[in-house]
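Below is one structure; the comments refer to it alone.
Atom set for the values below is all heavy atoms of this structure, side chains included, hydrogens, waters and symmetry mates excluded.
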Amino acid sequence: MVAREVIWTTTAERQLQNTLEYWLNRNKSPLYSQKLLQLVDKYIQQICQRPTSFKLTEYANHRVCVMGVYSLYFLYSNNQIIITGFWDGRQNPKEIKKKLIILEKQFLSL
């Protein structure tokens, strides 16, 4: 098995943090947020093991891991997984497209 470093972009971290804070404030309990973090960890392990098993998106080289209503968008190489987006599928899909296009340009310029 290939060991890959997982890197979260600032955008993806912010999206996850906002979601966790929303559920913490809404439920007045950390339980759902903790379950969501466990779900994210579980799927990141799967992404690290088999990144090509996840659907390729219309955004160059981005793949998506669907976790119920949430999705993880990522790029990968032999030694890295770059989480570029954490998305709640109940949000406007045009917004994730804008963010991924910006991130795509940043990574292609490296």
Side-chain angles (χ1 to χ4, degrees):
M1 179 172 75
V2 176
R4 291 185 171 99
E5 177 186 17
V6 177
I7 299 169
W8 284 74
T9 63
T10 304
T11 300
E13 280 183 337
R14 192 175 322 119
Q15 290 167 331
L16 176 60
Q17 187 63 36
N18 288 344
T19 301
L20 295 173
E21 287 176 7
Y22 168 81
W23 287 111
L24 179 64
N25 291 330
R26 183 174 187 272
N27 295 339
K28 305 296 184 216
S29 167
L31 291 178
Y32 183 77
S33 294
Q34 290 168 350
K35 287 180 184 180
L36 185 55
L37 277 175
Q38 290 172 352
L39 183 69
V40 168
D41 287 341
K42 174 185 162 187
Y43 278 99
I44 286 178
Q45 289 175 14
Q46 291 178 12
I47 291 168
C48 287
Q49 292 172 5
R50 294 179 305 284
T52 58
S53 67
F54 294 91
K55 182 181 175 186
L56 193 58
T57 68
E58 63 190 74
Y59 319 110
N61 300 321
H62 277 87
R63 292 187 178 267
V64 63
C65 170
V66 178
M67 311 174 304
V69 297
Y70 300 103
S71 298
L72 284 172
Y73 288 84
F74 66 95
L75 299 166
Y76 76 97
S77 67
N78 287 336
N79 57 359
Q80 290 182 329
I81 300 292
I82 302 169
I83 307 295
T84 57
F86 177 83
W87 198 253
D88 183 335
R90 297 167 287 198
Q91 295 175 324
N92 183 348
K94 291 179 183 177
E95 292 300 314
I96 189 71
K97 184 175 182 177
K98 288 179 198 173
K99 289 178 174 136
L100 291 178
I101 289 170
I102 291 167
L103 288 167
E104 174 187 337
K105 289 177 184 175
Q106 290 173 354
F107 286 108
L108 290 177
S109 68
L110 295 176

Q: Check ring pair (Phe, Tyr, Trp, His ring centres under 6.0 Å) between Trp8 and all other residues, then give those that pass, not counting sequence neighbours.
A: none

Q | ring pair (Phe, Tyr, Trp, His ring centres under 6.0 Å) partners of Tyr32, counting only residues at least two apart | A | Trp23

Q | Co-membership, hydrophobic cluster, residues Leu24 and Leu36, 4.5 Å side-chain | A | no

Q.
Would you say Leu31 ends up clustered with Tyr22 if hydrophobic residues are merged whenever their side chains have heavy atoms under 4.5 Å apart, either directly or through other cluster members?
A. no

Nearest 0.5 Å, please: how far is [atom2] in [Y] from [atom1] in [X]?
X     : Y     : atom1 : atom2 : result
Ser77 : Glu5  : OG    : CD    : 9.0 Å
Asn61 : Leu56 : CG    : CG    : 7.0 Å
Ile44 : Ile81 : CD1   : CD1   : 9.0 Å
Tyr76 : Ile82 : OH    : CD1   : 12.5 Å
Gln15 : Thr10 : CD    : OG1   : 11.0 Å
Cys65 : Tyr70 : SG    : OH    : 14.0 Å

Q | Test item: side-chain donor near acceptor, Gln49 and Gln45, under 3.5 Å | A | no

Could you report the tightest heavy-atom contact between [X] and [Y], atom names first, then the distance?
X     : Y     : result
Arg63 : Phe54 : NH1-O, 2.5 Å
Ile83 : Ala12 : O-CB, 3.5 Å
Pro51 : Arg4  : CD-NH1, 3.5 Å

Sidechain-backbone polar pair: [X] side chain, [Y] backbone, donor-acceptor under 3.5 Å:
X     : Y     : result
Asn27 : Ser29 : no
Thr57 : His62 : yes
Ser71 : Trp87 : no

Q | CA sep, side-chain torsions, deciding dist, call: Gln38, Gln34, side chain to side chain donor-acceptor pair (under 3.5 Å) | A | CA-CA 6 Å; Gln38 290 172 352; Gln34 290 168 350; over 6 Å; no

